[in-house]
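The structure appears right after this line, and notes come after that.
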2 protein chains.
Amino acid sequence: MTSKTSPTKYSISDLSKEFDITTRSIRFYEDQGLLSPSRKGQTRIYNQRDKVRLKLILRGKRLGFSLAETGRLFELYDVDKTSAKQLNSIMELINNKKSDLTQQLDDINAVLIELNDLEDNCQETLRTLESK
Amino acid sequence: MTSKTSPTKYSISDLSKEFDITTRSIRFYEDQGLLSPSRKGQTRIYNQRDKVRLKLILRGKRLGFSLAETGRLFELYDVDKTSAKQLNSIMELINNKKSDLTQQLDDINAVLIELNDLEDNCQETLRTLESK
DNA sequence: AGCAACCTTTACGTTAACGTAAACTTCCTA
DNA sequence: TAGGAAGTTTACGTTAACGTAAAGGTTGCT
């Protein structure tokens, strides 16, 4: 199997260009504990895992997650290393997030409907203006 | 027709209790031009329209809208009073919002799937822990 | 050697959306 | 009539998520 893998090493500016964010942001995410690139000397080296994380961070942002919340979610992926006692509180957190998101789904659908109405409204107004 | 209408006058604390926010927030929204209750003397009196607006503000927040953005959306409802020239820019704004929200829908569905996976994961880990 | 393009750390500045406190008025009631 | 509850304005404080310098190291031309 000759699996063509994408380059697994990125500089900070590689990522900043690819995701269209500043290097300042990327370093800040590291500062907040969401990324931990390796180093070559002083210089940060990002791998595929870092890149995926960055993508998840940005998606979280689009959903209104704070960086801290996204950090929590990252931790959840290490469930194996967690005690049974904590598992229940983790699942509670998951369920909270799920109901948040379900609420958001409803919200979005409602707003989309309204926006479509508004658009129709605009178009009709345009037509009546043109026919004068 | 005896239409039973809900009381159409609210105090600031009525609304703060109903929506579980502080009066500070409500006054702040007014300060930002999103609400404009009438006054009896000094005291703010809110009507049904104000209440609806407040609900919309909070829904906007859940969707990650800034107060300014929500304000823009409020203005959109006065389309009638707008010139044909502005209508196109309004529709552009609407379409931007629509694509934002569509993106969010995708994001949410993705995260919901992941959260469900995580939950399964947790439950399985719990089971294996219990069977030891 | 020089300098341009990167990278780094450190640190102060900025914006949105309130929190919090002070000082005051108005109304109700024990 | 004294107090308490709810309202008001004014204004400074706070947090998250960066922006924006400043000052300096490292690499690679030319």
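Convention: sequence-line order gives letters A, B, ...; per-chain numbering from 1.
Atom-to-atom, CG of B:L15 to P of D:dG7 comes out at 10 Å; the value is rounded to the nearest Å. In this structure, CZ of A:R39 is placed 14 Å from P of D:dT26, rounded to the nearest angstrom. Put simply, CD1 on A:I57 is 11 Å from P on D:dA17, counting in whole angstrom units. Rounded to an integer number of Å, the gap from CD1 of B:I45 to P of D:dA6 is 16 Å. The interatomic distance linking A:E30 (CD) with C:dT10 (C1') rounds to 15 Å, in whole Å. Rounding to whole angstrom units, CD1 of residue B:I26 and P of C:dA17 are separated by 16 Å. In this structure, A:E69 atom CD and D:dT15 atom P are separated by 17 Å, rounded to whole Å. Across the protein-nucleic acid pair, B:D31 atom CG and D:dT8 atom C1' stand 13 Å apart, rounded to whole Å.
When the nucleotides C:dC18, D:dA17, C:dC7 are ranked by their closest atom to the side chain of A:S11, C:dC7 comes out on top. When each of C:dC7, D:dG7, C:dA17 is scored by its nearest atom to the side-chain atoms of B:I12, the top-ranked nucleotide is D:dG7.
Taking for each of A:Q42 and B:F28 the nucleotide of DNA chain C with the nearest heavy atom, the 5'-most of the two is the partner of A:Q42. For the pair B:K17 and B:R44, both in contact range of DNA chain D, the more 5′-proximal nearest nucleotide belongs to B:K17.
Only one option out of A:L54, A:D31, A:D50, A:I57 pairs with A:I26 in a side-chain contact (heavy atoms from CB on, under 4.5 Å); it is A:L54.
Dashed line: the shortest gap from a side-chain N or O of B:S13 to OP1 or OP2 of D:dG7 is under 4.0 Å. Between B:T22 and C:dG19 there is a side-chain polar atom (N or O) within less than 4.0 angstrom of OP1 or OP2. Look at A:S25 and you won't find any side-chain N or O under 4.0 angstrom from OP1 or OP2 of D:dA17. The shortest distance between the side-chain N/O atoms of A:Y29 and the OP1/OP2 oxygens of D:dA17 is not below 4.0 Å. Note on B:R27: a side-chain N or O is less than 4.0 Å away from OP1 or OP2 of D:dT8. Contact annotation: B:K40 side-chain N/O to C:dT26 OP1/OP2 distance is not under 4.0 Å. Taking side-chain N and O atoms only, A:R24 has no distance below 4.0 Å to OP1 or OP2 of D:dA17.
In this structure, A:E30 and A:P37 have side chains that are in contact, with non-hydrogen atoms separated by less than 4.5 Å.
For the 3.5 Å distance criterion, the side chains of B:S13 and B:S16 fail to qualify, holding no donor opposite an acceptor.
In this structure, B:T23 reaches neither bases nor backbone, as no heavy-atom distance under 4.0 Å exists between it and the strands shown.
Remark: B:K97 qualifies as a cation-pi partner of B:F65 under the 6.0 Å distance and 45° angle criteria applied to the six-membered ring.
A salt bridge links B:R62 and A:D107; the closest N-O separation between the charged side-chain nitrogens and carboxylate oxygens is under 4.0 Å.
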